[in-house]
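Owing to the predicted nature of the structure, the values given are computational and were not obtained by experimental measurement.
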Amino acid sequence: SARTVFPLDDNRGTWGMFAVIATEFSLFVCLFASYFFLGSNKDRWSIDQPPKLHYALIMLAVLLSSSLVLYWGERQIKLQRYVAGRIALLVTIVIGLGFLVLQAFEYLDHWKTLTPYSDSYGSIFYTITSFHAAHVMVGLLILAYVLILPRYSPAPQSPYRPYHVAALYWHFVDIVWIFIVGLLY
């Protein structure tokens with residue numbers, strides 16, 4: 001029997017990642033809706049002041065800079081400058097790890113006045129920021145996987161597609177942090 005060979009769709013990973021992002025976007029929309037729902041009951045929302053902004057703004061700058069580095073690296077890959085692309089990927093991973101360290105320091109600082117069990121705001125604050133941290137960790141694992149892929153070949157779908165697909169997820173995680181800072185802080 002003759003075997004039919006179908007050409008590989010160059011965008012299959014991109015569409016798959018868009019589906020993942022749509023699912024994760026829905027999760028964050030539900031979390032933000034919970035935030036607004038809980039905020040409507042002022043009896044259990046006894047926050048005198050929102051969390052301090054200094055860590056949040058530093059972390060925002062860190063994530064946005066990581067996206068810029070990753071975008072630059074993706075451009076290098078398109079230009080077949082693979083070493084520069086890998087270095088940008090590694091720098092992005094290091095910056096992402098720095099974000100998680102900063103978030104740990106933020107939690108230590110906030111824990112003095114705001115805990116998950118102190119009120120509704122504390123509960124949803126730690127829920128949303130922890131879910132985001134989990135997404136940062138997943139993003140770092142995806143980026144690390146792309147980093148350790150075998151040497152890139154000149155084929156059209158490689159190396160650009162894995163790098164591009166990983167970058168889509170990382171940029172999504174960064175955009176979510178913008179909304180978190182804008183709403184929770």
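Proximity of Tyr185 to Leu57: side-chain heavy atoms (C-beta onward) are nowhere separated by under 4.5 Å. Taking 4.5 Å as the limit, every side-chain heavy atom of Leu63 sits out of range of all side-chain heavy atoms of Ile95. Side-chain atoms of Thr115 and Phe125, non-hydrogen and from C-beta on, never get closer than 4.5 Å to each other. By the 4.5 Å heavy-atom criterion applied to side chains, Leu31 and Phe131 are counted as neighbours.
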Could you pull out every donor-acceptor pair under 3.5 Å between side chains of residues 18-28 and any protein atom, sequence neighbours left out?
| from | atom 1 | to | atom 2 | distance (Å) |
| --- | --- | --- | --- | --- |
| Thr23 | OG1 | Ala19 | O | 3.0 |
| Glu24 | OE1 | His135 | NE2 | 2.3 |
| Ser26 | OG | Ala22 | O | 3.0 |

All N/O donor-acceptor pairs, side-chain side in residues 139-148, below 3.5 Å, sequence neighbours left out:
none

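Among residues two or more places apart in sequence or in another chain, the side-chain contact (heavy atoms from CB on, under 4.5 Å) test is passed with Phe36 by Leu183. Remark: Ile87 pairs with Val83, Val91 by the side-chain contact (heavy atoms from CB on, under 4.5 Å) rule, at least two apart or across chains. In terms of the ring-ring contact (aromatic ring centres under 6.0 Å, His included) criterion, residue partners of Tyr35 (sequence neighbours excluded) are, by chain and number, Trp45. When the side chain to side chain donor-acceptor pair (under 3.5 Å) test is applied to Arg81, the partners found at least two apart in sequence or on another chain are Gln76. Applying the side-chain contact (heavy atoms from CB on, under 4.5 Å) criterion to Val94, with sequence neighbours excluded, gives no partner residue. Remark: Ile178 pairs with Leu60, Leu64 by the side-chain contact (heavy atoms from CB on, under 4.5 Å) rule, at least two apart or across chains.
The OH atom of Tyr163 lies 12.5 Å from the CG atom of Leu168; values are rounded to the nearest 0.5 Å. Note that NE2 of His164 is 13.5 Å distant from CD1 of Ile77, once rounded to the nearest 0.5 Å. The CZ atom of Phe179 sits 12.5 Å away from the CG atom of Asp174 when rounded to the nearest 0.5 Å. With rounding to the nearest 0.5 Å, the separation of CD in Gln103 from CE in Met59 is 5.5 Å. A distance of 6.5 Å separates CG in Leu100 from CG in Leu97, rounded to the nearest 0.5 Å. Distance check: Leu149 CG to Leu89 CG gives 9.0 Å after rounding to the nearest 0.5 Å.
In this structure, Tyr169 is a member of the same hydrophobic cluster as Met137, with clusters built from ILVMFWY side-chain heavy atoms closer than 4.5 Å. Hydrophobic clustering of Ile, Leu, Val, Met, Phe, Trp and Tyr side chains at less than 4.5 Å, counting indirect connections, unites Val62 with Leu184. At a threshold of 4.5 Å between side-chain heavy atoms, the hydrophobic network of Ile, Leu, Val, Met, Phe, Trp and Tyr places Phe172 and Leu68 in two separate groups.
For the residue pair Gly96 and Val136, the shortest heavy atom distance occurs at O-CG1, 4.2 Å. When every heavy atom of Ala167 is checked against every heavy atom of Leu70, the shortest pair comes out as CA-CD2, 3.5 Å. In this structure, Gly13 and Val165 approach most closely via the heavy-atom pair C-CG2, 3.5 Å. Scanning all heavy atoms of the two residues, the minimum distance from Ala88 to Gly73 falls at CB-CA, 3.4 Å.
Listed by first and then second residue, the ring pair (Phe, Tyr, Trp, His ring centres under 6.0 Å) pairs involving residues 90-109 are Phe99-His132, Phe99-Trp177, Tyr107-Tyr126 (not counting sequence neighbours).
The six-membered or imidazole ring of His110 lies away from that of Tyr55, with a centre-to-centre distance of 6.0 Å or more.
Without hydrogens or angle criteria, Tyr117 side chain to Gly122 main chain gives no donor-acceptor distance under 3.5 Å. In this structure a side-chain-to-backbone donor-acceptor pair under 3.5 Å is missing from Ser123 to Asp119.
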Check your understanding: Taking it one step at a time, do Asp109 and His54 satisfy side-chain contact (heavy atoms from CB on, under 4.5 Å)?
Key -> CA-CA 11 Å; Asp109 185 45; His54 65 278; 3.8 Å; yes
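Of the N and O atoms on the side chains of Trp170 and Ser66, at least one donor lies less than 3.5 Å from an acceptor on the other residue.
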